[in-house]
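All chains are named by letter (A, B, ...) in the order of the sequence lines, taking the proteins before the strands, and each is independently numbered beginning at 1.
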Amino acid sequence: MSAAPETTDVTLGAGGAVRVRGARRTFTADLAPVRALRGVDLDVAPGEFVALMGPSGCGKSTLLNVVAGLDAVDDGTVEVAGQRIDGRDEDWLARFRRTHVGIVFQFFNLLDGVSALDNIVLPAMLHGLRRRAAESRARDLLDLLGLGDRTEQVPAVLSGGQRQRLAIARALANEPSLLLADEPTGALDSEGGLEVLELFRRLHADGQTIVMVTHSPDVAAGASRVVRMRDGRIEQD
Amino acid sequence: MPPILRWTRLELRRRRRGLLVLALLVALSCGAVLTAAAGARRGDSALDRLLGRTGAAHAIVNPFGPPGPPGSLPDARYWERVRALPIVEDVALVVDGNLAVDGLPSTVLPPWLPTADAGRGEVERPVVLAGRAADPARSDEAVVTAEFLRSSGRELGDVVTLRTYSPASVDAQATTGDPLPEQPDGPAVPVTIVGVVRSFAVADDLASPGLLIPSPAFAERYRSELVGTAATWRAGLVRLHDPADLETLRREVIRLSATGDVEFTDQLARAQRTSGVLDFESACLLALGLAAAAAAAVLVGQAVQRTVAATLPDLRVLGAAGMTRGQAVAAATAAPTVAALGGALLGAAGAAVASAGLPFGAAGRYEPAPGVDVDVAVLGGGVLVAIALVAATAAAAARLRHAGTARVVPAPAAARPSAVARVRLPVPAVLGARFALEPGGDPAGTGARASLAGAVVGVLGVLAAATFAAGVTDAVEHPERFGTDFALIGFFGLGTPADPRTAPAMLAAMGTDPAVTGVTAMVSGTATAGGVPLAVYGAQPVSGSAPGLVATSGRPPAAADEVLLGPVTARELDAAPGRVVELAGPAGPARLRVVGIGFLPQVDNLTGALVTAGGFAALGLEQTVRYSAVALAPGDDPAAAVPRLQAIGATVPGAEPIGLFPIGPPPQVQELATVQVLPRVLGVFLGVLAVGAVGHGLATAVRRRGHDLAVLRALGMSPRQTRTAVHTHAAVLAVAGLAVGVPLGIALGRTAWRTVAETTPIVHVPPAVPWALAVPAVLAATALLAALPARRAARLPLAELLRREG
């Protein structure tokens with residue numbers, strides 16, 4: 001594993017949005033170790049919309065988690081927004097995610113029992129915004145994503161497409177430099193999937209850097225670049 | 001049915017470990033609950049069973065008759081007349097003898113020795129716990145109580161030597177008041193211990209070394225050595241056809257006596273007091289059982305739900321193959337029910353074994369059939385209830401969970417967002433408060449509610465038990481709460497006509513001793529209230545603190561027209577402070593205002609009336625001082641003070657003999673002391689229960705809310721903030737527990753203690769507990785309990801949790 005950088009300051013650095021070099025990740029399993037990443041190199045430039053494609057178990061989600069700081073590489077380096085994030089402790093990574101990374105999950109991962117508004121307010125407050133400012137930001141985002149009339153409703157009463165839009169709004173709450181999406185249309189019907197894809201295109205058009213994992217060639221077609229993975233390696237870029 | 005049976009067999013085989021754990025949990029729970037319930041029932045009925053089996057006397061009648069000529073029995077005709085009363089079932093005569101035992105304290109001898117007459121009838125026939133009853137024809141045999149063997153180290157078949165006084169010495173003491181010789185000067189009689197017995201009259205007191213009861217033939221053979229040749233001090237244990245006739249008996253035995261001077265000991269009242277203690281013990285034990293049942297309900301309920309949840313996925317697969325919902329529920333219920341059957345039977349067997357050690361405390365001293373006792377009703381009923389509860393829980397869980405996946409449940413149209421989330425607090429604090437107060441992923445909200453309930457009940461229960469225990473401890477440590485605020489009781493004029501002027505002078509002289517803090521002279525006589533004889537005491541403070549005048553409510557009398565009534569008398573006369581009662585003495589009736597309810601300076605300190613010396617004179621009762629109460633400075637040895645004070649009294653011109661006796665703690669103290677441990681055990685049990693409930697709640701909250709925590713971690717919540725959220729959860733539980741539990745616990749404990757104080761009775765002093773200590777203790781305990789879940793929460797496998805379908 002590479003040595004961690006000395007600094008723990010979270011500041012935007014120069015260079016690409018994502019830079020991964022020689023990333024390896026192995027999971028222990030009952031029968032044999034699973035080598036999810038076998039030396040992955042990946043560069044994503046600011047403003048790019050990259051679709052990561054590949055068969056199940058090829059390491060797409062693991063790579064995404066590594067870039068998000070939700071998982072750690074066994075070997076190699078990971079740089080996001082100019083910051084080395086490999087080897088960092090959990091507190092540092094948490095602060096880093098607040099500032100630089102927004103994540104959209106296949107199964108939404110919204111907070112049940114909390115209103116749509118508060119689902120966005122809470123991460124904004126974690127970022128350091130005061131409640132009033134966080135609410136203002138959340139309302140703006142909900143309006144932007146067509147959920148302005150759903151602010152007080154809990155996720156359970158929203159449709160799949162609405163839930164994913166809410167999850168995207170939450171991911172954008174702290175104006176991240178990097179938006180990561182793991183199968184964002186995987187749990188949606190075709191109409192919902194198109195809604196989300198259209199939203200990603202709009203965000204990309206506004207300059208948002210996006211890395212999206214998907215199985216679907218149709219969804220991947222919306223990206224500016226498609227990276228294919230197989231057996232823990234980048235097969236085609 | 002066959003598919004369900006087949007499925008059950010499969011389940012029992014493949015899930016044997018889980019079902020074994022469930023069975024053991026049921027066994028443990030059933031064992032604890034049934035032991036407590038059966039013990040409480042047995043303890044509660046112990047005295048009644050003993051009284052019934054032994055033909056217990058309802059009263060002890062001791063007439064003070066004029067001594068007859070040596071060798072005569074002037075009271076024989078008296079007892080014939082008493083026995084002839086239609087209300088009397090039978091009388092057993094006993095004697096109060098002078099006796100000593102080699103190598104043992106004289107307190108091992110009972111106050112009354114059975115005579116041949118006592119061995120004749122069916123009154124006070126002790127149950128034989130071991131060995132056999134003493135042969136009524138052999139004077140060299142004796143029986144003992146169980147405590148005697150324990151305290152003396154003797155065994156059945158051992159021989160002890162009884163030492164008697166010569167008839168001349170006993171006669172001299174009776175007629176001239178000469179003290180008995182220091183060493184017994186009569187025959188030494190070896191007696192063999194042939195059995196262990198128990199009855200209400202010879203029950204072991206808590207602090208007593210047990211009793212050794214010679215055969216009735218001993219009293220007959222050594223009558224003159226025991227009571228002298230005059231043989232006048234013979235008492236009767238009287239059993240009535242109907243205990244309700246006790247007051248009639250009191251009137252009749254006084255009417256039949258030559259002098260009207262009869263000591264009448266109400267054994268029924270004593271039994272009622274004892275019964276109250278046993279009720280209290282049983283209630284404590286039952287409360288312990290209920291607390292155990294509550295804990296068991298939570299623990300076993302969760303285990304049953306887990307078992308059902310584990311089997312349902314397979315049953316859903318079978319559903320696709322045609323198994324109906326009803327069959328699935330039955331199949332899911334069957335295995336836990338079988339486990340419950342095994343566990344409940346094991347628990348019942350454990351309870352039966354544990355019954356050998358029950359009942360404990362006071363009830364253990366009145367149990368007529370100690371040893372293993374299989375209470376079929378309690379154990380059988382308990383087993384059935386346990387099985388039914390487990391089956392019902394399993395069926396309900398199966399129905400709920402099976403239904404939850406079988407149909408599409410529409411999203412609630414009016415789902416309400418979290419109220420806590422709107423509070424303007426930092427995110428970890430909001431999160432922790434939500435964990436504590438909202439159901440989260442548990443639709444029934446049982447986890448959050450159980451934790452909150454555990455915290456509140458824990459604090460409430462511990463505080464209530466501690467408050468109650470403080471009351472018990474205070475009462476046990478302060479005999480004055482029971483009216484015994486004096487260390488010595490003095491008797492004048494024993495066997496001789498006393499000079500009414502001498503005793504006050506002697507008491508005044510004794511009051512000058514530096515260790516004496518107070519002396520009260522007492523006169524006593526018999527008046528009537530509503531035609532019923534009533535012991536009346538006149539109190540004349542001589543010096544110092546005026547001991548012997550203790551009121552549980554109101555105050556002692558200060559004027560001639562005021563009276564303090566004993567609690568039993570007050571109840572009988574339906575009198576309370578402020579009311580007027582009419583007492584009639586030789587001088588005629590006198591109307592006295594009740595100024596207090598309290599204790600009387602006598603062994604039976606609950607019955608009678610206390611007036612001032614002026615009030616006593618107004619009733620026309622004899623003014624001779626017969627009693628005195630002497631209080632000593634704390635720490636002064638009463639036994640050592642006796643000869644010193646007797647010597648001081650003897651310096652008064654014309655001094656007469658005074659019998660000064662250290663007065664032990666009243667029996668109620670001993671009775672309360674036996675149950676002192678119960679509220680503490682209950683408190684510890686509830687504390688452990690609360691720790692379990694809160695600890696389990698914190699752990700399951702982290703497990704159930706793991707997804708929410710992982711989401712927030714992905715959004716930037718740091719591990720430290722995650723730990724803070726869990727600690728906030730714990731703190732909210734602690735604050736809720738303290739806010740509700742402390743005031744309610746103290747109120748409950750005080751109410752319970754006041755109830756006990758009023759029924760015992762005791763001078764009620766509101767118990768104080770250092771409740772403020774509960775605040776740091778509870779906060780520290782919950783913080784400690786939260787440490788591990790917080791650590792787990794901070795180390796959740798984020799990627800894995802976030803990948804799951806939420």
**Fill in**
Taking every heavy atom of A:Lys60 against every heavy atom of A:Met53, the minimum-distance pair comes out as CD-C, 3.6 Å
Test item: [X] side-chain N/O and [Y] main-chain N/O as donor-acceptor pair under 3.5 Å:
| X | Y | value |
| --- | --- | --- |
| A:Thr185 | A:Leu188 | no |
| A:Gln208 | A:Pro176 | yes |
| B:Arg723 | B:Ala794 | no |
| B:Thr311 | B:Val308 | no |

**Prompt:** Who among B:Ala714, B:Pro797, B:Pro428 has the most heavy-atom pairs with chain A under 4.5 Å?
**Reply:**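 Ranked by contacts with chain A, first place is B:Ala714.
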**Residue, of B:Leu712, B:Leu798, B:Val711, that accumulates the most heavy atom pairs under 4.5 Å with chain A** =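 Ranked by contacts with chain A, first place is B:Val711.
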Report which part of [X] has an atom under 4.5 Å of a heavy atom belonging to chain B: side chain, backbone, both, or neither.
| X | value |
| --- | --- |
| A:Leu110 | backbone |
| A:Glu90 | both |
| A:Phe105 | side chain |
| A:Ile103 | side chain |
| A:Asn65 | side chain |

**Message:** So if I apply the side chain to side chain contact (heavy atoms under 4.5 Å, CB included) rule between A:Arg25 and each of A:Asp75, A:Asp71, A:Val34, A:Val40, which one comes out positive?
**Reply:** A:Asp71
**Request:** Please determine, among A:Arg130, A:Glu183, A:Arg170, the option with the most heavy-atom pairs under 4.5 Å with chain B.
**Result:**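 Answer, by heavy-atom pair count under 4.5 Å with chain B: A:Arg170.
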